[in-house]
Engineer: 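The structure that follows is given in the form of structure tokens.
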Amino acid sequence: NTSMQVILSSGTLGAAFQAALLGIPSIAYSVDVDSGDELEGNEELEPILRTIVRESATYVLRNGMPRGVDVISINFPRKVNRDIRVKLVRASKLKFSEKIDVRVDPRGGKYYWLFGSLIEPEEGTDTYVVHKEENIALTPLALDMNVIGPREEVNMDSLIRLVNILNDALMRLQNSR
């Protein structure tokens with residue numbers, strides 16, 4: 001669920017945003033896999049997922065959501081390496097070059113199949129961190145997409161503290177192996 005292009009159509013993030021609308025602290029976790037079967041028995045990724053989910057949820061339960069943040073999106077790469085890190089980044093705009101294929105269903109009705117191919121991601125974005133660096137992207141998101149009106153200032157110190165806690169937990173995990 002990296003990039004605004006994907007975020008805007010993600011069921012995972014849609015559910016997190018709906019919870020945030022109700023004032024429920026929301027973290028969306030996503031892994032770059034084609035199927036849930038890739039997660040089963042993945043002995044390298046599983047302890048990392050467990051650690052990050054536990055530590056980030058504990059942080060938010062104890063401290064609340066950082067000011068100015070409605071949803072925290074955490075994206076994991078498909079493959080993990082020993083030096084994996086969590087990076088605080090913004091969402092890229094695009095992940096795919098979109099193509100639309102006009103098709104016909106068995107009843108003769110037209111429908112549109114949206115697909116695309118990966119494009120080169122911009123450095124410093126969730127897509128770059130997950131797909132190029134194979135690190136974990138932590139992307140703070142806000143519900144207010146209005147251009148007009150006041151915006152709440154984001155508590156960057158709280159976000160940086162969360163990233164440091166997660167990276168410390170990863171370091172402890174790696175040292176225990």
Side-chain angles (χ1 to χ4, degrees), residues 1-80 84-100 112-119 121-122 124-146 154 158-159 162-163 165-167 169-170:
N1 287 324
T2 57
S3 81
M4 291 307 295
Q5 181 180 37
V6 175
I7 288 168
L8 292 172
S9 62
S10 163
T12 302
L13 279 151
F17 280 120
Q18 288 294 322
L21 282 169
L22 299 173
I24 300 169
S26 303
I27 305 173
Y29 302 97
S30 303
V31 184
D32 178 36
V33 292
D34 294 323
S35 139
D37 295 340
E38 292 178 58
L39 297 175
E40 289 182 35
N42 188 331
E43 294 176 15
E44 292 177 349
L45 185 57
E46 186 180 325
I48 291 169
L49 291 171
R50 246 193 336 263
T51 298
I52 296 301
V53 169
R54 180 184 59 246
E55 294 292 331
S56 58
T58 299
Y59 180 87
V60 169
L61 287 170
R62 288 184 180 153
N63 302 289
M65 293 295 283
R67 184 183 66 248
V69 177
D70 295 308
V71 172
I72 296 172
S73 176
I74 299 180
N75 284 280
F76 298 85
R78 180 181 306 251
K79 294 184 290 183
V80 297
I84 194 165
R85 290 283 167 262
V86 176
K87 296 196 173 182
L88 178 61
V89 291
R90 65 185 176 82
S92 64
K93 284 188 180 178
L94 298 174
K95 179 177 179 176
F96 300 104
S97 63
E98 291 187 317
K99 296 178 173 80
I100 299 173
Y112 302 89
W113 188 261
L114 181 65
F115 67 100
S117 49
L118 287 173
I119 60 174
E122 182 184 351
T125 64
D126 56 354
T127 307
Y128 189 87
V129 165
V130 171
H131 297 283
K132 289 292 189 179
E133 294 180 1
E134 296 181 336
N135 277 308
I136 301 165
L138 187 148
T139 307
L141 300 168
L143 282 165
D144 190 352
M145 294 171 38
N146 290 302
V154 174
S158 180
L159 287 167
L162 172 57
V163 169
I165 287 169
L166 297 178
N167 281 323
L170 283 174

Engineer: If I compare all heavy atoms of P121 with all of T127, which pair ends up nearest, and what's the gap?
Structural biologist: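 Looking at all heavy atoms of both residues, the closest pair is CB-CG2, 3.7 Å.
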Engineer: What verdict does the side-chain contact (heavy atoms from CB on, under 4.5 Å) test give for E122 and Y128, after you've listed the backbone C-alpha separation in whole Å, the side-chain angles of each residue and the deciding distance to 0.1 Å?
Structural biologist: CA-CA 6 Å; E122 182 184 351; Y128 189 87; over 6 Å; no
Engineer: Quick check: does any side chain N or O of S26 sit under 3.5 Å from a backbone N or O of A16, one acting as donor and the other as acceptor?
Structural biologist: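 Answer holds: yes.
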Engineer: Might you point out which heavy atoms bring M65 and V60 nearest each other, and give the distance in Å?
Structural biologist: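 Closest approach of M65 to V60: SD-CG1, 3.7 Å.
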Engineer: Counting only heavy atoms not in L22, do more than 12 sit closer than 6.0 Å to its CG atom?
Structural biologist: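 Counting neighbours around CG of L22, more than 12 heavy atoms of other residues, nucleotides or ligands fall under 6.0 Å, so yes.
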Engineer: Any side-chain to backbone donor/acceptor pair from D70 onto L143? Under 3.5 Å, distance only.
Structural biologist: yes
Engineer: Atom CZ in F76, atom CD1 in I48: separation rounded to 0.5 Å?
Structural biologist: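 Reported value, rounded in 0.5 Å steps: 8.5 Å.
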Engineer: To the nearest 0.5 Å, tell me how far I136 CD1 sits from T51 OG1.
Structural biologist: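 Output value for this atom pair is 9.0 Å.
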Engineer: Quick one: pull up CG in D126 and NE2 in H131 and give me the separation to the nearest 0.5 Å.
Structural biologist: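 It is 8.0 Å, given to the nearest 0.5 Å.
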Engineer: Could you report the tightest heavy-atom contact between A91 and T125, atom names first, then the distance?
Structural biologist: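 So the minimum-distance heavy-atom pair works out to C-CB, 4.4 Å.
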Engineer: Rounded to the nearest 0.5 Å, what separation is found between the CG atom of L45 and the NZ atom of K79?
Structural biologist: 12.5 Å
Engineer: Can a donor-acceptor pair be found, under 3.5 Å and without considering hydrogens, that links the side chain of N167 to the backbone of R85?
Structural biologist: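 Side chain of N167 to backbone of R85: no pair is present.
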Engineer: Would you say the side-chain atoms of Q5 pair up with the backbone N or O of K95, donor to acceptor, closer than 3.5 Å?
Structural biologist: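 Such a contact is found between Q5 side chain and K95 backbone.
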Engineer: At their closest point, which heavy atom of S56 faces which heavy atom of Y29, and how far apart are they?
Structural biologist: OG-OH, 2.6 Å
Engineer: Which atoms form the tightest heavy-atom contact between N42 and R78, and what is the distance?
Structural biologist: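 The answer is ND2-O, 4.4 Å.
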Engineer: Mind checking the CG-CD spacing from L162 to E55? Nearest 0.5 Å is all I need.
Structural biologist: 9.5 Å
Engineer: List the atom of N1, the atom of S30, and the distance in Å for their closest heavy-atom pair.
Structural biologist: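 Result for this residue pair: ND2-OG, 2.7 Å.
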Engineer: Give me the one residue out of V89, L138, T2 that meets side-chain contact (heavy atoms from CB on, under 4.5 Å) with V129.
Structural biologist: V89
Engineer: Are I27 and V53 close enough that some pair of their side-chain heavy atoms sits under 4.5 Å apart?
Structural biologist: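 SC-SC contact between I27 and V53 ruled out.
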Engineer: CZ of R67 to CG of L159: how many Å apart, nearest 0.5 Å?
Structural biologist: 10.0 Å
Engineer: Do any N or O atoms from the side chain of Y59 and from the backbone of V163 form a donor-acceptor pair under 3.5 angstrom?
Structural biologist: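 No; zero donor-acceptor contacts below 3.5 Å.
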Engineer: Give a yes or no answer on whether the side chain of E38 reaches the backbone of S35 with a donor-acceptor pair at less than 3.5 Å.
Structural biologist: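 Pair found, side chain donor or acceptor close to backbone of S35.
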